[in-house]
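Here the structure is a predicted model, which means the values were calculated and not measured.
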Amino acid sequence: MPEGHSVRRLAQQFGDVFTGEALSVSSPQGRFAAGAALLDGHILTDSRAHGKHLFLHFDHAVVLHVHLGLYGAWDFGGDATFLGASSIGAPRKIGEREVFDDDGTAEYAGPPEPRGAVRVRLVSAHGWADLRGATTCAAITEAEAGAVLARLGPDPLRNQPEARTRFVTGVLSRKTPIAALLMDQKVIAGVGNVYRAEVLFRQGLDPWLPGNALQGSAAGLLWDDTAVLMADGVRDGRIITTPAGYWAEGAALPSGDDAHYVYKREGLPCRVCAAPVAITELAGRKLYWCPGCQQ
DNA sequence: GATTAATGCTAAA
DNA sequence: TTAGCCTTAATCT
């Protein structure tokens, strides 16, 4: 999935192109027909992300709650007004991989025929958005949205009071391996398998180190580095954890192969110590790490 | 063309 | 603990 940085970009995109607009809401696939009817015709008033959760608030205190899960994605399209309103480069798709139109010459002729299982379609005067493949898509009350937030840990992309302290305390109070704690959305919201592997490498932490065995300062630095990486991800629209020295000569951005230290690099030599990058299954997910650097 | 794996979580069993 | 979501890209045959 899109980790927290993608969902933050989605919230930004909805804010840019739909806030203040009355939206026609439908469910071409049918599975969200009742929820769509509840939202249809209402004005989008706010758009927020917390971790991997997206909340679209409407003018009658109903909230569209979306979690993309493993492969959910939003598609966008619209006229020049719509495209011009987007502050993040007007991607056509935000989800597991962002897609940009190669040219802006196509005439806008309204929303296309729904292709595949479109769970929700939002249509404004100037554009549209389609949701497919999401794990969660629900019309809920403000109170219910608050309950979802309450069970999430601090999000490094938000300026919440005591966020860093809450993370450090959460880590130090548990004996669970740090690699598992980073994936626990109650401990820190928005980190997925890529950021987990990369930030542990960058901090030189053994993935199996129990949370309560970390130094408080190490846990704090882990939070700080995660926050930096995720903010970069919001800016870039992708996860890049290596510095320019590891990219092709003169490249402004790395190729996919050069963007990470360990993620999906099992068996390849570590970029720092040349030991083979290891892969292990941990709680049903693949964990990539360098046995040389992370001890 | 078919199969697999994927940045994740929920609900059923 | 497992199926499910029902997409996409990469890898297979």
Checklist entry - In whole Å, what is the span from the CD atom of A:E281 to the P atom of B:dA6? => result 8 Å

Checklist entry - What is the distance, rounded to the nearest whole Å, between atom CG of A:L152 and atom P of B:dG8? => result 14 Å

Checklist entry - Where the side chain of A:R119 is defined as all heavy atoms beyond and including C-beta, which of C:dC6, B:dA6, C:dT7 is the nearest nucleotide? => result C:dC6

Item to check | Closest nucleotide among C:dT7, B:dT10, C:dC6 to the A:R132 side chain | outcome: C:dT7

Checklist entry - Does any donor atom in the side chain of A:R158 or A:H50 lie under 3.5 Å from an acceptor atom in the other side chain? => result yes

Checklist entry - Is the distance from OP1 or OP2 of B:dT10 to the nearest side-chain N or O of A:R151 less than 4.0 Å? => result yes

Checklist entry - Distance between the P atoms of B:dC9 and C:dA9, in whole angstroms? => result 22 Å

Item to check | side-chain N/O A:Q185 vs B:dG8 OP1/OP2, d < 4.0 Å | outcome: no

Next on the checklist: Between B:dT10 and C:dT8, how many Å separate the two P atoms, rounded to a whole number?
Outcome noted: 23 Å

Item to check | Any A:K264 side-chain nitrogen or oxygen under 4.0 Å from OP1 or OP2 of B:dA5 | outcome: no

Checklist entry - Of the residues in residues 251-260 of chain A, which ones touch DNA chain C at a heavy-atom distance under 4.0 Å? => result none

Checklist entry - Given atom CD of A:E266 and atom C1' of B:dA6, what is their separation to the nearest angstrom? => result 13 Å

Checklist entry - If you look at every strand shown and take non-hydrogen atoms under 4.0 Å, does A:R31 touch a base, only sugar-phosphate, or nothing? => result sugar-phosphate

Next on the checklist: Just the rounded figure in Å: distance from P of B:dG8 to CG of A:D184.
Outcome noted: 13 Å

Item to check | Distance in angstrom units between A:H67 NE2 and B:dC9 P, rounded | outcome: 4 Å

Item to check | A:F201: which of A:Y195, A:Y261, A:Y263 passes ring pair (Phe, Tyr, Trp, His ring centres under 6.0 Å) | outcome: A:Y261

Item to check | Presence of A:R285 side-chain N/O under 4.0 Å of B:dC9 phosphate oxygens OP1/OP2 | outcome: no

Item to check | Side chain of A:T135 - closest among C:dT7, C:dC5, B:dA5 | outcome: C:dC5

Item to check | Integer-rounded Å distance: B:dG8 P and A:N193 CG | outcome: 6 Å

Next on the checklist: Can you see if the side chain of A:Q29 gets near the phosphate of C:dC5 - specifically, an N or O under 4.0 Å from OP1 or OP2?
Outcome noted: no

Item to check | side chain to side chain contact (heavy atoms under 4.5 Å, CB included) partners for A:D75, two or more places apart | outcome: A:R92, A:K93, A:W128, A:D130, A:R132

Item to check | Heavy-atom side-chain contact between A:L214 and A:L209 under 4.5 Å | outcome: yes

Checklist entry - Using a cut-off of 4.0 Å on non-hydrogen atoms, how would the nucleic acid contact of A:Y263 be classed: base, sugar-phosphate, or nothing? => result sugar-phosphate

Checklist entry - Rounded to the Å, how far apart are A:M183 CE and B:dA6 P? => result 12 Å

Checklist entry - Do any N or O atoms from the side chain of A:E266 and from the backbone of A:A278 form a donor-acceptor pair under 3.5 angstrom? => result no

Checklist entry - Would you call the rings of A:F18 and A:F76 parallel, tilted or perpendicular if under 30° counts as parallel and over 60° as perpendicular? => result tilted

Item to check | Heavy-atom side-chain contact between A:L56 and A:V66 under 4.5 Å | outcome: no

Checklist entry - If the P atom of C:dA3 is compared with that of B:dT4, how far apart are they to the nearest Å? => result 15 Å

Checklist entry - What integer distance in Å separates A:Y71:OH from B:dC9:C1'? => result 11 Å

Checklist entry - Looking across every strand, which nucleic acid part, if any, lies under 4.0 Å from A:R115 by heavy atom: base, sugar-phosphate, or nothing? => result nothing

Next on the checklist: Let's go through A:D224 and A:L221 carefully: what are the C-alpha distance in whole Å and the side-chain angles of both, what is the deciding distance for side-chain contact (heavy atoms from CB on, under 4.5 Å) to 0.1 Å, and is it a yes or a no?
Outcome noted: CA-CA 5 Å; A:D224 294 340; A:L221 291 173; 4.3 Å; yes

